[in-house]
Amino acid sequence: MDKYVPADIETKWQKVWEEERSFEAPDPETPGGADRSLKSYVLEMLPYPSGTLHMGHVKNYTMGDVIARFRARNGYTIFHPMGYDAFGLPAENAAIKTGLPPAELTKINTDNIKQQLHRLGVSIDWSRELATCDPEYYRWTQYFFLKFYERGLAYRKEAAVNWCPSCATVLANEQVVQGACERCGSAVETRNLAQWFLKITEYAERLLEDFELLQSWPERVITMQRNWIGRSEGAEVIFRVDDMDLDIPVFTTRPDTLFGATFFLLAPEHDLVIRLVEGTEFENPVHDYVTSSRLKPMVDRAMAEREKTGEFTGRYATNPVNGEKIPIWVSDYVLMEYGTGAIMAVPAHDQRDFEFARKFGIEVRVVVSGELESGEAVGVDAGATLETAFDEEGKMVNSGRFDGMAIREAGQAITEWLNGESLGQAAVSYRLRDWLVSRQRYWGAPIPIIYCDECGTVPVPEDQLPVLLPEVEDYAPKGKSPLATNEDFVNAICPKCGGPGRRETDTMDTFVDSSWYFLRYTDPRNDREPFDQAIVNYWMPVDQYIGGVEHAILHLMYARFFTKVLYDLDLVAFKEPFNNLFTQGMIYYQGAKMSKSKGNVVNPDEHVENYGADTLRLYILFMGPPELDVEWQDQGIEGTFRFLGRVWRLINEIIEKVEPTVFSDFANADEQAMKLVRKTNQTISKFTADVAERFRFNTAISAVMELVNEAYLAKDGLLASEEGRGVLRFTAESIVKLLDPFAPHVCAELWQRLGHNRLWNESWPQADERYLVDETYELVVQVNGKVRGRLRASRSAGKDELLAAALASEQVAKYTTGKNIVKEIVVPGRLVNLVVK
RNA sequence: GCGGGCGUGGCGGAAUGGUAGACGCGCCAGCCUUAGGAGCUGGUAGGGUUCUCCCUGUGGAGGUUCAAAUCCUCUCGCCCGCACCA
């Protein structure tokens with residue numbers, strides 16, 4: 001018998017798959033009317049080609065491949081494409097370091113990744129490969145930008161935006177993590193810049209509503225998105241500024257507490273701040289306050305524990321419910337981006353307002369009376385003595401005719417009253433902000449806009465797309481896009497008037513590129529439109545999407561938004577792109593996330609070289625449940641390699657010693673042979689359920705390990721008889737068929753040696769019901785819940801029979817003699833429990 | 001602070017109310033021996049032991065149940081997300 005040499009086997013079969021184009025999905029013949037029930041679009045998040053694939057990628061792509069191969073064998077037509085999220089900062093930063101243009105560097109990296117995927121044996125339809133930095137791709141990214149623009153969903157405005165000094169570009173809110181840049185970790189600053197935004201806020205409600213369509217998404221991801229969107233119901237209430245012809249609306253979730261508003265606050269960025277203090281004695285201090293809070297880094301401003309600061313404007317606002325005049329202050333705990341940038345402050349019932357009021361000596365007026373958690377009563381007069389804001393349920397007080405109502409009731413009543421008086425109305429507010437998509441960097445899709453002195457902002461006509469990304473001398477970020485220095489690029493003719501114009505020099509956030517790539521796969525070479533609608537509607541939505549949870553908000557929310565806009569544009573017929581989502585856990589090593597800086601990176605290539613792709617694939621899914629974080633163990637992979645060697649030897653020995661024609665039905669098999677027949681069928685059944693229904697690959701694999709172990713033990717005995725040899729062959733073929741999605745190379749080889757042809761075209765094995773269960777089983781007998789005996793029982797035995805057998809057993813008698821049996825529980829197939837006293 | 005998750009041998013993990021520790025790693029022993037870091041077989045939660053069993057045991061404390069790793073309450077620890085969002 002030859003030794004198991006993965007390298008030879010793997011290159012052999014990879015070549016076959018390539019030459020026979022085994023995994024190419026056919027274009028649907030009549031896509032519009034075709035039966036879609038047996039298509040399966042299996043997609044893993046596309047890799048960012050920053051260098052080589054790491055273990056996280058291997059896990060991601062192996063899992064996708066197992067699902068794709070498994071479903072293919074179960075009768076599905078598989079759509080399993082691959083591409084590269086090829087625009088983006090790392091390539092550009094590396095280019096600056098090495099001097100190599102980003103395009104070249106990216107090409108090197110994508111070639112490399114393709115090689116790696118190839119060596120892993122992932123069943124990808126390579127005919128659909130795409131890179132988002134290819135002009136044939138970003139042409140359509142630009143096209144969509146223009147479609148958004150036409151609809152008023154892309155707009156440019158000046159705003160206080162997140163600026164990463166190290167990346168030298170602005171960032172979307174989603175890309176700022178605790179005040180720091182999501183990519184590089186530097187503290188994010190605030191700058192006022194004119195930037196392009198996509199109006200994701202307009203879709204906030206639908207992004208929430210359609211969670212209903214995403215039943216199988218991980219709860220965690222939905223919760224994260226829901227929190228991020230941050231929907232709050234409340235009211236918008238108009239306050240009039242005293243002595244000025246000015247109305248300022250505020251948003252509140254607690255209209256019931258309106259009578260308790262004892263002051264009014266504006267965000268420092270609010271336009272009206274300047275007007276309120278203009279020419280008054282308050283002008284200078286307020287100006288100073290506004291200036292200093294603008295300089296404050298985002299990180300500091302976002303700290304809830306910070307002491308409250310503020311300045312009085314000298315102005316008063318009228319509370320619409322009681323006509324009371326309350327002082328208007330400016331404070332930086334009010335955020336311009338949320339609500340209206342102004343709030344009514346109710347110190348008795350809001351902790352932040354409470355802190356502010358105590359610090360500046362403002363009245364705290366209780367309008368909800370109730371009980372603190374400690375049981376202490378909060379009465380009408382508690383304002384002066386409260387130690388913390390009271391935000392529990394309670395009854396209205398100090399609130400005129402609303403007194404005595406429960407707070408919810410009062411909130412509604414007050415809102416209705418405001419509505420009647422045209423002083424306010426019910427309102428909904430979201431935490432979600434519009435998506436800032438312009439980036440002051442080179443390596444991205446240029447925003448297809450021309451500025452003309454005569455015509456203003458003019459979109460580039462569709463027939464002039466793509467706006468090609470030109471080569472530049474210097475990619476180094478200077479706070480402006482490197483494209484701005486390229487005169488040939490910047491100078492353009494206004495498409496409207498033919499006069500001189502200037503191109504927008506910012507490029508798009510790479511998350512725009514990845515918000516629609518899964519659509520392009522369906523029709524990747526279309527040069528007339530982004531995709532054929534009938535084709536995209538055939539393959540989409542993605543049936544199984546797989547990726548890391550780090551994209552729970554970013555990519556997954558953007559892609560959902562994009563899909564909804566395309567739905568509204570009648571370009572696609574579905575509202576959600578990803579029907580099912582699986583978020584894989586991370587792989588740790590030496591107790592930490594793998595990272596170059598920590599020097600604890602496990603290189604997949606090395607393991608492919610040492611043990612082969614099959615071993616690596618098998619191990620990475622054997623390590624634990626795929627959704628959990630797991631720790632890489634160097635010795636673990638050796639065990640998996642040993643297992644494949646064991647399979648190799650077992651099956652080759654069977655091939656050598658069992659004539660291929662021997663394959664009887666198992667009617668004449670003896671008990672020893674039947675045992676293995678049953679075990680094989682049980683394994684088929686368990687394995688299939690684990691893979692198909694639960695993605696529990698680790699337990700599926702261990703089930704095959706058990707079968708292999710049993711086969712070894714039974715082997716020598718079974719080789720002696722013809723029936724036995726038939727059973728061995730059946731078991732051998734089953735093992736190969738089951739392991740195939742995980743270890744496709746070695747299984748393809750063994751299948752061929754077993755005298756067959758192409759394993760990946762075989763159908764999935766079915767367990768034979770007749771051989772699934774043993775006629776007898778081990779019945780556990782418990783006394784008072786403790787296991788006291790085990791006996792063989794017949795499957796067909798009824799409760800009475802089982803009970804009788806249990807009572808008759810000697811082992812049990814020890815614990816029952818001299819005692820009363822109070823209760824008997826009989827669970828056929830499992831146990832008998834006797835309760836004695 | 002709010003929301004979510006997790007806690008089981010030396011290690012990764014099985015067990016979705018019914019035999020805790022499947023499977024794998026590691027370790028121990030035996031066999032084989034073209035002597036090998038290979039392969040095959042057996043053992044391996046802790047404690048006790050007459051070697052057959054007995055006791056204890058799933059972060060901790062209570063509870064529900066004939067029966068709890070699993071369900072409920074409280075509590076401790078770790079991880080993740082959000083965090084002055086009115």
- Item | Residue A:I343, side-chain heavy atoms: nucleotide from B:A86, B:C84, B:U19 that is nearest | B:A86
- Message: We want to know whether A:R431 and A:N227 form a side-chain donor-acceptor pair, criterion being a heavy-atom distance below 3.5 angstrom.
- Response: no
- Item | C1'-based separation of B:C80 from B:U65 [nearest Å] | 35 Å
- Please state the C1' separation for the pair B:A20 and B:A14 - nearest whole angstrom. 9 Å
- Task: Indicate, yes or no, whether a donor-acceptor pair under 3.5 Å links the base of B:C66 to the side chain of A:N833.
- Result: yes
- Query: What is the minimum heavy-atom distance between A:D690 and A:A700, and which atoms define it?
  - Reply: OD2-N, 3.4 Å
- Query: A:R226 near the nucleic acid: base, sugar-phosphate alone, or nothing, with a heavy-atom cut-off under 4.0 Å?
  - Reply: nothing
- Considering the options A:F687, A:Y619, A:F622, A:F643, which one meets the ring-ring contact (aromatic ring centres under 6.0 Å, His included) requirement together with A:F742? A:F687
- Atom CZ of A:F697 and atom P of B:A22 are separated, to the nearest Å, by 23 Å
- Query: Is the A:W329 ring parallel, tilted or perpendicular to the A:F360 ring (thresholds 30°, 60°)?
  - Reply: tilted
- Please give, in whole Å, the distance from B:C80 P to A:N227 CG? 17 Å
- Message: Distance check needed: B:C54 C1' versus A:R788 CZ, whole Å only.
- Response: 8 Å
- Task: Find the distance A:L644:CG to B:G39:P and express it as a whole number of Å.
- Result: 13 Å
- Task: Using the P atom on both, measure B:G42 against B:A22 and round to a whole Å.
- Result: 14 Å
- Item | Separation between the C1' atoms of B:U56 and B:U64, rounded to whole Å | 23 Å
- Task: Tell me whether the OP1 or OP2 atom of B:A14 has a side-chain N or O from A:N698 closer than 4.0 Å.
- Result: yes
- Query: Expressed in whole Å, how much space separates the C1' atoms belonging to B:G46 and B:G21?
  - Reply: 13 Å
- Partner nucleotide, any strand, of B:C23 [Watson-Crick/G-U, under 3.5 Å]: B:G12
- Nucleotide B:C78, atom C1' - distance to CG of A:L628 in whole Å: 14 Å
- Task: Tell which nucleotide pairs with B:C53, taking only Watson-Crick or G-U wobble pairs whose two distances are both under 3.5 angstrom.
- Result: B:G48
- Note on the structure: Partner of B:C78 under the Watson-Crick or G-U wobble criteria, both distances under 3.5 Å, comes out as B:G5
- Query: Looking for any heavy atom pair under 4.0 Å, which part of the strands does A:V334 touch: base, sugar-phosphate only, or nothing?
  - Reply: base
- Message: Rounding to an integer number of angstrom, what distance separates B:G59 and B:C76 when you compare their C1' atoms?
- Response: 7 Å
Using a cut-off of under 3.5 Å, enumerate the N/O to N/O pairs linking the protein to nucleotides 41-47 of chain B.
| from | atom 1 | to | atom 2 | distance (Å) |
| --- | --- | --- | --- | --- |
| B:U41 | OP2 | A:R646 | NH1 | 3.3 |

- Task: With a 3.5 angstrom cut-off on both distances, give the Watson-Crick or G-U wobble partner of B:A29, or none if there isn't one.
- Result: B:U41
- Message: Can you tell me if A:K675 has over 12 outside heavy atoms packed within less than 6.0 Å of its NZ?
- Response: no
- Pairwise C1' distance for B:C25 and B:U44, with rounding to whole Å: 13 Å
- Message: Between A:Y815 and B:C54, is there a contact of a side-chain N or O with OP1 or OP2 at under 4.0 Å?
- Response: yes
- So, is A:R649 near the phosphate of B:C40, with a side-chain N or O under 4.0 Å from OP1 or OP2? yes
- Query: Reckon A:D353 touches a base, only the sugar-phosphate, or nothing at all at heavy-atom distances under 4.0 Å?
  - Reply: nothing
- Task: Quick one: do A:Y333 and A:E355 satisfy side chain to side chain donor-acceptor pair (under 3.5 Å)? Show the steps, please.
- Result: CA-CA 11 Å; A:Y333 79 85; A:E355 287 164 21; over 6 Å; no
- Closest to the 5' end of RNA chain B, once A:M336 and A:L831 are matched to their nearest nucleotides, is A:L831
- Message: More than 12 heavy atoms of other residues, nucleotides or ligands under 6.0 Å from CD of A:E550: yes or no?
- Response: yes
- If pairing means Watson-Crick or G-U wobble with both distances under 3.5 Å, then the partner of B:U34 is none
- Task: Look at A:K786 and B:A20 and indicate whether a side-chain polar atom (N or O) is within less than 4.0 Å of OP1 or OP2.
- Result: no
- Can you check the A:M623 CE to B:C11 P distance for me, whole Å? 16 Å
- Task: Could you tell me whether the phosphate oxygens of B:A14, OP1 or OP2, come under 4.0 Å of any side-chain nitrogen or oxygen in A:R696?
- Result: yes
- Whom does B:C71 pair with, Watson-Crick or G-U wobble, provided both distances fall under 3.5 Å? B:G63
- Message: Judged by each residue's nearest nucleotide on RNA chain B, which is more toward the 5′ side, A:K823 or A:F251?
- Response: A:K823
- Side chains of A:R365 and A:T262: do they bring a donor and an acceptor to under 3.5 Å? no
- Item | Donor-acceptor pair under 3.5 Å, A:E778 side chain vs B:U19 base | yes
- Task: Determine: side-chain N/O of A:R694 to OP1/OP2 of B:A14, distance under 4.0 Å, yes or no.
- Result: no
- Message: Any side-chain N or O of A:R431 below 4.0 angstrom from OP1/OP2 of B:A83?
- Response: yes
- Message: Checking the side chain of A:Y777 only, and the main-chain atoms of A:G829 only, is there a donor and an acceptor separated by less than 3.5 Å?
- Response: yes
- Note on the structure: Taken to the nearest whole Å, CG/A:L616 to P/B:G24 is 20 Å
- Identify which nucleotide among B:U19, B:C84, B:G24 has an atom closest to any side-chain atom of A:Q782, counting heavy atoms from C-beta outward. B:U19
- Message: I want to check one thing: is the phosphate of B:G81, taken as OP1 and OP2, less than 4.0 Å away from some side-chain N or O of A:T223?
- Response: no
- Query: How is A:V780 classified with respect to the nucleic acid when contacts are heavy atoms under 4.0 Å: base, sugar-phosphate, or nothing?
  - Reply: base
- Query: Charged N to carboxylate O below 4.0 Å: is that the case for A:E706 and A:K679?
  - Reply: yes
Below 3.5 Å between N/O atoms, which protein atoms pair up with nucleotides 25-27 of chain B? Just atom names and distances, please.
| from | atom 1 | to | atom 2 | distance (Å) |
| --- | --- | --- | --- | --- |
| B:C25 | OP1 | A:R642 | NE | 3.3 |
| B:C25 | OP1 | A:R642 | NH2 | 2.8 |
| B:G26 | OP2 | A:R642 | NH2 | 2.9 |

- Crowding at CD, A:E656 (>12 non-hydrogen neighbours, <6.0 Å): yes
- Message: Within the 4.0 Å heavy-atom criterion, would you say A:E631 contacts the bases, only the backbone, or no part of the nucleic acid?
- Response: nothing
- Message: Please give the distance between the C1' atoms of B:G5 and B:G10 as a whole number of Å.
- Response: 26 Å
- May I have the step-by-step check of side chain to side chain donor-acceptor pair (under 3.5 Å) for A:R617 and A:T62, ending in yes or no? CA-CA 6 Å; A:R617 292 167 55 114; A:T62 302; 5.1 Å; no
- Note on the structure: In terms of heavy-atom contacts, A:K59 and A:I620 come closest through N-CD1, 3.8 Å
- Please tell me if the side chains of A:Q175 and A:C181 come closer than 4.5 Å, counting only heavy atoms from C-beta onward. no
- Task: For A:S232, report the nucleic acid contact type (base, sugar-phosphate, nothing); a contact means any heavy atom under 4.0 Å.
- Result: sugar-phosphate
- Length of the line joining A:D350:CG and B:G1:C1', which is rounded to integer Å: 14 Å
- Item | Chi-angle category of B:G81 [syn within 90° of 0, anti beyond] | anti
